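The analysis underlying the following values was restricted to heavy atoms, covering all of them including side chains, and did not include hydrogens, waters or symmetry mates. Values in this document were obtained by computation on a predicted structure and should not be read as measured data.
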Amino acid sequence: MSPARPGARTLIDTFLDPGTWRSWDTPPADPAPPGSGYAEELAAVRAKTGYDESVITGEGLLGGRRVAVVVCEFSFLAGSIGVAAAERLTAAVERATAERLPLLAAPASGGTRMQEGAVAFTQMVKITAAVAAHRAAGLPYVVYLRHPTTGGVFASWGSLGHVTAAEPGALIGFLGPRVFESLHGYPFPEGVQVAENLFAHGLVDAVVSAEEARQVAVGVLDVLCAPREGLDPGPEPEEEIPQIHAWDAITRSRRDDRPGVRALLKLAARDVTPLNGTGEGENDPGLLLALARFGEVPAVVLGHDRSRRRVVAPFGPAGLRVARRGMRLASELRLPLVTVIDTAGAALSKAAEEGGLAAEIARCLADLVTLDAPTVCLLLGEGAGGGALALLPADRVLCAQHGWLSPLPPEGASALLYRSVDFAPEIAAAQGVKSTDLRRDGIVDRIIPESPDAAYEPEAFCRRVSRTLEYELAVLLGQPPADRLAARLARYRGLGAG
């Protein structure tokens, strides 16, 4: 087998720290009647491959961290899952849950074992139930899809990762192309069931080699397994904000060289792992989703990506579905969530309307305001319209000195009221959109200074933002969850009520 398609044992040696692998496997119960053709087939493949089943399980260290591992071996009856393999796999997932270990899965399988029929087919239910219980316990589940992964394996435990990577060029799909052609009489379209195409459609987070996948997994677990308790917030950040004019803030927020969420992660965060798409067949370059740490504090980060919207398009309903994936990750993994607002407005188009933009804004608002994780919103720059509001509800709302929030871009409000954009500066001042007005009105809790403009000091500004995020998140993590949620709901219930 070529190095590009490592077998199960080679993959384990590549993934884990040297010398740390320990098998959990015991001899499998033989599902084949003695003397049957299936029994002879099993005996032959065991002798040929040196594996006793299509799955091996165990534990080891990954970057010094103890992890559980389940890996398919494709040379063993095409990695197919029968009763014995499913039992071994399920027992390993359950043990990982009981011992509170992160779980790494590396399937490479044609799916259900045909020799065992319906009973093998239904094994996918119990494997899925075990993985669901593992996730419900707040434990990380990381998947590396290998060549090939198809059928019931892809449609169950292969598609449930919190983070999912895939092997370059790997065949990954629901129905194998050979089966499709046999059933329909013509080949399946080329280039569809390929790892790179899945990435393009937001179904996997990365396409990487086994060596690179190890580094991805190390970075992911550095965030997902980081301590949440006993974090020292350090001294409260300083805040001295000079008087600013609304139109000046809006003009500065629109500069092309103003640092956005990507600059923030690059210059002032650590252990950053970009995630890709909804995991459900959609992607949107205008909405960034990542795992990261600000100082010692881990977080899911989601935000409007100013660098992409100018060269691609404003974000649309798919972007908000990407955001909601981030909210689910934060909730399930007990991680803080950071939302970053920096948008001139969501897409205005036929596709956006038919794709449910308004409904996705509503769902984001509902999910965020009731989320059972600590939340911090950062108004980093522009904050126009419902696309900005969708990421606003949070325990704490921070605002860059020249950030702003408005129902419409000021030009739009001016056109609506006066049939001319000429009154935009006066409208902006009257609507109370600038950072100091937002703080006065209880919408913003803290303003992050710019000295005098984030575009002139991008690295210093981003580090100031990161330090403020670290402080706010550490304070929130020290609060009882029920009290935190009650305070958030009370905050928005009382907003504007006097």
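The heavy-atom pair separating Pro409 from Arg254 by the smallest distance is CB-NH2, 4.2 Å. Nearest approach of Val297 to Ala474, heavy atoms of both residues: CG2-CB, 4.2 Å. Across every non-hydrogen atom of Pro259 and Phe461, the tightest pair is CG-CD2, 3.9 Å. Annotation for Val207 and Ala195: closest pair CG2-O, 3.8 Å, computed over non-hydrogen atoms. Scanning both residues, Leu392 and Leu368, for their nearest heavy atoms gives N-CD1, 4.3 Å. Minimum heavy-atom separation, Leu477 to Arg228: CB-O, 3.6 Å.
Counting heavy atoms of neighbouring residues, nucleotides and ligands inside a 6.0 Å radius, atom CG of Leu489 exceeds 12 of them. Within 6.0 Å of NE2 in His147 there are more than 12 heavy atoms belonging to other residues, nucleotides or ligands.
You'll find the side chain of Leu265 reaches within 4.5 Å of the side chain of Leu288, heavy atoms only. At least one side-chain heavy atom of Arg100 sits under 4.5 Å from a side-chain heavy atom of Leu139. Contact annotation: the side chain of Leu417 approaches that of Ile427 to within less than 4.5 Å [non-hydrogen atoms, C-beta and beyond]. Ile448 places a side-chain heavy atom less than 4.5 Å from the side chain of Leu378. For the pair Leu103 and Val67, the minimum side-chain heavy-atom distance is 4.5 Å or more. Under the 4.5 Å side-chain criterion, counting only non-hydrogen atoms from C-beta, Leu16 is not in contact with Leu61. Taking 4.5 Å as the limit, every side-chain heavy atom of Pro107 sits out of range of all side-chain heavy atoms of Phe154.
Using a 4.0 Å cut-off between charged side-chain N and carboxylate O, Arg328 and Glu280 make a salt bridge. The existence of a salt bridge linking Arg463 and Glu457 is excluded, since no basic side-chain nitrogen approaches an acidic carboxylate oxygen closer than 4.0 Å. The pair Glu472-Arg467 does not meet the salt-bridge criterion, since no charged nitrogen lies less than 4.0 angstrom from a carboxylate oxygen. Note on Arg293 versus Glu470: no salt bridge recorded, every NZ/NE/NH1/NH2 to OD/OE distance being 4.0 Å or above. Using a 4.0 Å cut-off between charged side-chain N and carboxylate O, Glu332 and Arg135 make a salt bridge. Comment: Arg66 does not engage Asp17 in a salt bridge, judged by the lack of any side-chain N to carboxylate O separation of less than 4.0 angstrom. Under the 4.0 Å criterion applied to side-chain N and carboxylate O atoms, Arg262 and Asp305 are assigned as salt-bridge partners. With respect to Glu360 and Arg363, a salt bridge is recorded, a charged nitrogen being found less than 4.0 Å from a carboxylate O. Salt bridge status for Arg464 with Glu239: absent, with no side-chain N to carboxylate O gap under 4.0 Å.
Using a 30° and 60° split on the angle between ring planes, Tyr144 and Phe15 fall in the tilted class, from 30° to 60°.
Between atom CD1 of residue Ile447 and atom CG of residue Leu438 there is a gap of 8.0 Å, rounded to the nearest 0.5 Å. Atom CG of residue Leu104 and atom CG of residue Leu221 lie 6.0 Å apart, to the nearest 0.5 angstrom. Between the OG1 atom of Thr164 and the OH atom of Tyr141 there is a distance of 8.0 Å, given to the nearest 0.5 Å. Rounded to the nearest 0.5 angstrom, Leu302 CG and Arg324 CZ are separated by 12.0 Å. If you take CD1 on Ile341 and CG on Leu380, they are separated by 10.0 Å, rounding to the nearest 0.5 Å. In this structure, Leu320 CG and Asp367 CG are separated by 11.0 Å, a value rounded to the nearest 0.5 Å.
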For this session: Test Leu379 against Val444 for side-chain contact (heavy atoms from CB on, under 4.5 Å), laying out the working first.
Result: CA-CA 9 Å; Leu379 264 165; Val444 160; 4.1 Å; yes
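Side-chain atoms of Ser253 and Trp404 form a donor-acceptor pair, as typed in the model, at a separation below 3.5 Å. In the model, Glu212 has a side-chain atom that pairs as donor or acceptor with a side-chain atom of Ser209 under 3.5 Å. In summary, the side chains of Tyr471 and Arg396 do not present any donor paired with an acceptor at a separation below 3.5 Å, with no hydrogens or angles considered. Using modelled atom types and a 3.5 Å distance limit, the side chains of His402 and Glu450 yield a donor-acceptor pair.
No option in Lys434, Arg439, Arg440 other than Arg440 meets the side chain to side chain donor-acceptor pair (under 3.5 Å) test with Asp437.
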